[in-house]
Protein chains: 2
Amino acid sequence: MKDVAEAAGVALKTVSRVVNDEPGVTPATAERVSAAIERLGYRPNESARVLRRGSTSSIGLVIEDVADPFYSVFGRAVEEVALRHGSLVLSGSSGEDPLRERELILTFCSRRVDGLIIVPSGTDHDYLRPELDAGIAAVFADRPGGPGTAPYGTAYGTTPGPGSAPGHDPGSGPGHDVPGVSGGAVSCDTVLCDNAGGAYAGVSHLIRHGHRRVAFVGDRASIFTSGERLRGYRRALEEAGLPFEESLVSTGPAEEAGAALTRMLSGGDPPTAVFTGNSRITVAVLRAGHRQALVGFDDFELADLLVPGVTVVAQDPAGLGRTSAELLFRRLSGDRGAPERIELPTRLIPRGSGELPP
Amino acid sequence: MKDVAEAAGVALKTVSRVVNDEPGVTPATAERVSAAIERLGYRPNESARVLRRGSTSSIGLVIEDVADPFYSVFGRAVEEVALRHGSLVLSGSSGEDPLRERELILTFCSRRVDGLIIVPSGTDHDYLRPELDAGIAAVFADRPGGPGTAPYGTAYGTTPGPGSAPGHDPGSGPGHDVPGVSGGAVSCDTVLCDNAGGAYAGVSHLIRHGHRRVAFVGDRASIFTSGERLRGYRRALEEAGLPFEESLVSTGPAEEAGAALTRMLSGGDPPTAVFTGNSRITVAVLRAGHRQALVGFDDFELADLLVPGVTVVAQDPAGLGRTSAELLFRRLSGDRGAPERIELPTRLIPRGSGELPP
DNA sequence: TTGAAAGCGCTAACAA
DNA sequence: TTGTTAGCGCTTTCAA
């Protein structure tokens, strides 16, 4: 910068003005400075700028896996919004590891990101408090953050989010104690998908097509979304007057999903339909050769090309990313209102597999 | 930091020493400092650090679309390597727009990334020269960079990369003038996939299964990889003594692929097999209802679950990312050798569609 | 083992 | 319209 100033015969501040498009520079002077910049290949040092100005114009994005189709679409939407706001995106994969998540977040904070969008894998985000106090905004996406995060002065309290399916019961079922599902004090902005409502719709769809024994094959019960979807499943059974049977429910990692379903099917009185808790599990079940009636949570590419097409409850990952990012930037531009909890709707897409008769 | 120093009753430098694990601090003093850090929630300001030290411990990643499965896996691999090297990843999507690409790269450079990994969509990267001169390392991945980028002193010259399939002809065919394919001066490190060799293998596979009229449905000829794959196709035909027919070749965006193939099939003497130039096109062709013999470039999820399974020439996006990142970090740690051009092999995965008889 | 002072490149505040 | 000065938070250098 000094070199440029010298070459153009002006003071530092004038170069600064030109670089930042500040008013109060004669076109002629500006031209001279621009020429010097061009000739010397000068690029402003963003670190110095940040140091001086205090804001980095960048946000941190922590997701489970950058390579997961769901989260990569989510990330792209965040990037889009960030671009519109002149912000860059620092991103990292937590790999479902709370420690790694924490490390990543603190690293981002060291880099003084203006805000964070977090798909939390941990359930305790107490360590965020100093950062939030220091003015970093944070939005939890896809899953609520753990207890102990309370920015913006206003405490949120224990709000058992009602979900949008009719008549949700707020308590989580016995034998499926999902931490953070109900009664968790979530007080950062949170953008979720209507997991319970979506599962409710999917399972009801199967029931409407004549099934009375519907299996639930979901992910580990410790994951928030899994618990919510299980809730929706129970609610649908209940409303149809069908009994909830432990033997028709499996929760565990996707790798075990195929085997779990096989076990159910080979037992006495097997299910005639399956509801799967996410796309990884849907694919695992299909790969294991199961071809009975099926509705899966999460849309996935080529679901329409399989035979029969796979009926799914589609989330909107791009919408989730967009909403989260827009909320974050609203906070960054000064909105100090009470933390919000937004729940995005799901959409049932019938493609054949969910309309098979028992 | 000043507060911490005061609270612990030491000088700034001592805090700095503790934060950076530098030797020469009594355990007792260190303990006092750590306690103050914890109590005050102090986080070092990375911008100031960068400003002082000069290195940002971050790299920039420019890809076409963060949400594309191929590139998101690629990006994840880059992230993995960066993590091992204590580096963060700034990433952005160019959306195949050279202007956006350039803007993104310059933004990253302003942020003083230590290095860049670029999947170039533009063909001219002259604007990178000042950055490269300033010591930023760059690796082109998936496609070579345009002319006019010559770091590390050693010029690379015009090297018509031979590819690994036997007997490639170096000239690109008449009527398919692909810029940068042959004779392009590429002098940054470059990591590519063996596009020509892979296409050669895929088309030869179809020919071996009795097909004598194989269509090529590829992406726009202006894209480097498309051109290379077309080269491999020609080579395979040539070697089998089959004529190259313009009417069996289509190059254009994926949205038009289905219609293009339909046209070919409804003409006189239609093809009995198709080779598709990338997974987007493969899917487009399948979605258009085509079910003849097919080999596609690029593997994709669920290719094995379709009926018949889709035979593909698989690339290794994670390997591409890993190799690129490792090369970059080798440069960052001081390797000034001549620019490298690495070509990763492909793998043919037979699944049924490529083994159908004419 | 510890500390004081200088300065990284830039912009905010104030002068001319 | 243009310039001068101070200082952002840290590390480097040199001294105690």
Side-chain angles (χ1 to χ4, degrees), chain A residues 1-34 36-37 40-58 86 106-114 130-131 134-136, chain B residues 1-34 36-37 40-58 86 106-114 130-131 134-136:
Chain A
M1 184 161 176
K2 215 164 75 184
D3 294 347
V4 171
E6 215 156 283
V10 296
L12 281 178
K13 180 64 214 184
T14 303
V15 179
S16 171
R17 285 198 179 96
V18 172
V19 170
N20 295 295
D21 281 324
E22 280 172 39
V25 184
T26 329
T29 319
E31 185 44 52
R32 252 188 14 257
V33 173
S34 298
I37 288 175
L40 274 62
Y42 164 77
R43 304 273 182 271
N45 181 322
E46 204 62 28
S47 301
R49 218 169 200 173
V50 162
L51 180 58
R52 188 64 247 230
R53 286 209 286 224
S55 139
T56 55
S57 297
S58 62
L106 292 182
T107 307
F108 288 161
C109 289
S110 281
R111 307 235 169 184
R112 294 295 186 273
V113 292
D114 301 328
E131 324 297 340
I136 291 183
Chain B
M1 184 160 176
K2 213 163 75 183
D3 295 345
V4 171
E6 214 156 283
V10 296
L12 281 177
K13 179 63 217 185
T14 303
V15 179
S16 171
R17 285 200 180 95
V18 172
V19 170
N20 295 295
D21 282 324
E22 280 172 38
V25 184
T26 328
T29 319
E31 185 44 53
R32 252 187 14 259
V33 173
S34 297
I37 288 176
L40 274 61
Y42 165 75
R43 305 271 181 273
N45 181 323
E46 204 62 30
S47 301
R49 218 170 201 171
V50 161
L51 179 57
R52 191 61 247 233
R53 287 209 284 224
S55 139
T56 55
S57 297
S58 62
L106 292 182
T107 307
F108 288 161
C109 289
S110 282
R111 307 236 168 183
R112 294 295 187 272
V113 292
D114 301 328
E131 324 299 339
I136 291 184

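Chain identifiers are assigned alphabetically (A, B, ...) following the order of the sequence lines, protein sequences preceding nucleic acid strands; residue numbering begins at 1 within each chain. The figures here come from the full heavy-atom set of this structure, side chains too, leaving out hydrogens, waters and symmetry mates.
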Discussion item. On the nucleotide dC10(C), are OP1 or OP2 found under 4.0 Å from the side-chain N or O atoms that Ser47(A) carries?
Written reply: no

Response to the item:
Taken to the nearest whole Å, CZ/Arg112(B) to C1'/dC10(D) is 17 Å

Practice prompt. Could you tell me whether the phosphate oxygens of dT1(D), OP1 or OP2, come under 4.0 Å of any side-chain nitrogen or oxygen in Thr29(A)?
Written response: no

Practice prompt. Calculate the interatomic distance between Glu46(B) atom CD and dC8(C) atom C1'; express it in whole Å.
Written response: 15 Å

Practice prompt. Calculate, to the nearest 0.5 Å, the distance between atoms CZ and OG belonging to Arg53(B) and Ser47(A) respectively.
Written response: 11.5 Å

Worksheet entry | Residue closer to the 5' end of DNA chain C, Ala48(B) versus Val10(B) (nearest nucleotide) | Val10(B)

Worksheet item: Quick one: is dT11(D) close enough that its OP1 or OP2 comes under 4.0 Å of any side-chain N or O from Ser16(B)?
Response: yes

Fill in: Residue-phosphate contact under 4.0 Å: Arg49(B) side-chain N/O, dT11(D) OP1/OP2
yes

Item to complete: May I have the distance from Arg32(B) (atom CZ) to dT2(C) (atom P), rounded to whole angstrom?
Response: 8 Å

Worksheet item: How is Val50(A) classified with respect to the nucleic acid when contacts are heavy atoms under 4.0 Å: base, sugar-phosphate, or nothing?
Response: nothing

Item to complete: Whole angstrom is fine here: how far is it from NZ in Lys13(B) over to P in dT12(D)?
Response: 6 Å

Item to complete: Give the rounded distance in Å between these two atoms: CG of Leu51(A) and P of dA12(C).
Response: 12 Å

Worksheet entry | Proximal nucleotide (of dC10(C), dC10(D), dA4(C)) relative to the Pro44(A) side chain | dC10(C)

Discussion item. Under 3.5 Å, is there any donor-acceptor pair linking the side chain of Arg52(A) to the base of dG9(C)?
Written reply: no

Worksheet item: Nearest of dG3(C), dT1(D), dG7(C) to any side-chain atom of Arg17(B)?
Response: dG3(C)

Discussion item. Donor-acceptor check, side chain of Arg32(A) to backbone of Ala8(A), threshold 3.5 angstrom: yes or no?
Written reply: yes

Discussion item. Does dT11(D) have its OP1 or OP2 closer than 4.0 Å to a side-chain nitrogen or oxygen of Asn20(B)?
Written reply: yes

Worksheet item: If only side-chain N and O atoms of Thr26(A) are considered, is one of them under 4.0 Å from the OP1 or OP2 phosphate oxygen of dT1(D)?
Response: no

